[in-house]
Structures are given as structure tokens and as C-alpha cells.
Amino acid sequence: MLALIGVAVATRRATVLVKPGAMNAAKNPAAALDEHFAKEKALTLLHVLPGIMFMVLGPLQFVRGLRAKHPAVHRWSGRIFLTASAVIGTTGLTMAARGAIGGADEKAAIFLFGGFFLIALAKALWHAMRREFAQHREWMIRGYAVGLAVATIRPIMGGFFAAAAMRGLTPEPSTFFGKAFWIGFTAQTIAAEMWVRWTRRKFSAAT
């Protein structure tokens, strides 16, 4: 579900950047966001287009049947996935450094969890190269979970937009983007670690 949300978000962002006004409504609450990302069109496209591959290929890395029956497909899709992840991570950090809608609060969340994202996937690759597949799996889960947080953050942002509208206020993304990023990233990181610990013994027994 989160991967589908991520694909939808990335597709919309790319469409709006390539064809400005293509998805504008009369009262578009995301108009200010569209203007913000349009200022860094090339960098944003370099971030969101690999993001689509990240969202699509990520779940395939955890399909046991694919790993067992088609190991070559698993390895090559994994290489593409990790390459896309490296581009996403570095462009995301660059975008945050150049300016974040949520200010210092959002920047701090992106730098912390974006750094962890790159470290986790680097460790996943390291363990795969050493054929330490249990550790590889765990770090892939941690890295992918942090990447999926961009999808988790969207419904949280929607909640903030709705809360402002219900009070008759004009939503101001700069006031809640930082909070949404911290909530989304933290929730995903905790969920991933819980899943890793809960399934560790079961995976070891299966392998």
C-alpha cells in the first residue's frame, strides 16, 4: 500500500514538473508546494524518477519465491534498486540543504534519516557481497522502511491540511512539514526494527 502511494506521489510530482498546470484544481492546496519544487526542476526529477523504481522494485526484494527460483533476477533488480536508492538519498539530502519547506525542523529529520537510509543500504550491499544473507535482509528492511516513509508522511500531511481547513484556516505547510517528517520517519524506523526482531529467528530457521 505504501509503495503504491509512493508511486502515485512521485508520478504526480514528475507530471506537474514536466507539464506545469496539468493537475491544478481551482483550489489546489498543493499549489505552494508545486511552486517550491518547480524552482529545482532538474534536481527534483532526478529525485522522483528513481523513486518510482525504488517503490516498484523494493517489494520484489522480499519475495522469497523470486529469490529462490530466479536468483539472477533478484540480484539484478537489487542492483538497480540500490543504484536508484543512492540517487534518491543523495538528491534528497541536496534538496534539503538547498531549502526545506518545513525549515530547520524538516532539514534535521531529512539529514538524520536520509543519512541512515544510505548507511543501511550500503550495509545491506556489504553483507550481500559477503554472502551474509540474514544481515543483508535486515539492513534491506531498515533501508526500505525509511525510504517508504515518504509515503507514510503524505497521509500525515493530509491530516494537518484537513485539520487547518476544518478550523477555517489556510493550511501553512511550513508550520507542520517538519512535524510530519519526524512522525513518518520515526514510525517507519520503529516498525522496521520491530519486524526485523520479530522475524529474525524465523528467517534464520528457514535458511
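Predicted model only: the values in this text are computed from it and were never measured.
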Inset, instruction - Grab the two heavy atoms, one from Val87 and one from Thr90, that are nearest each other, plus how far apart they are. - result: O-OG1, 3.2 Å
Inset, instruction - Looking only at non-hydrogen atoms, find the nearest pair between Arg137 and Phe62 and report the distance. - result: O-CE2, 4.4 Å
Inset, instruction - Looking only at non-hydrogen atoms, find the nearest pair between Ala3 and Pro59 and report the distance. - result: CB-CG, 4.3 Å
Legend entry - For Leu93 against Ile110, the heavy-atom pair lying closest together: CD2-O, 3.6 Å
Inset, instruction - Please report the C-alpha distance between His127 and Glu132 in whole Å, then the side-chain angles of each, then the deciding distance to 0.1 Å, and finally whether the side chain to side chain donor-acceptor pair (under 3.5 Å) criterion is met. - result: CA-CA 5 Å; His127 287 300; Glu132 297 168 346; 2.6 Å; yes
Legend entry - Output field: ring centroids Phe117/Phe54 closer than 6.0 Å: yes
Inset, instruction - Taking the six-membered ring for Trp and the full ring for Phe, Tyr or His, determine whether the centres of Phe113 and Phe181 are under 6.0 Å apart. - result: no
Inset, instruction - Without swapping roles, check the side chain of Trp195 against the backbone of Ile141 for a donor-acceptor pair under 3.5 Å. - result: no
Legend entry - Heavy-atom side-chain proximity of Thr175 to Phe160 below 4.5 angstrom: no
Legend entry - Check ion pair Lys39-Glu35 (N to O, under 4.0 angstrom): no
Inset, instruction - Measure across Met55 and Leu2 and return the closest heavy-atom pair with its distance rounded to 0.1 Å. - result: SD-O, 4.5 Å
Inset, instruction - State, with a plain yes or no, whether a side-chain heavy atom of Pro71 is found less than 4.5 Å away from one of Arg75. - result: yes
Inset, instruction - Report whether Ile119 and Phe111 are members of the same hydrophobic cluster (ILVMFWY, side-chain heavy atoms less than 4.5 Å apart, transitive linking). - result: no
Legend entry - Minimum-distance pair of heavy atoms, taken over all atoms of Phe185 and Ile153: CE1-CD1, 4.2 Å
Inset, instruction - Using atom types as modelled and distance alone, determine if a side-chain donor or acceptor of Thr186 lies under 3.5 Å from a backbone N or O of Ile183. - result: no
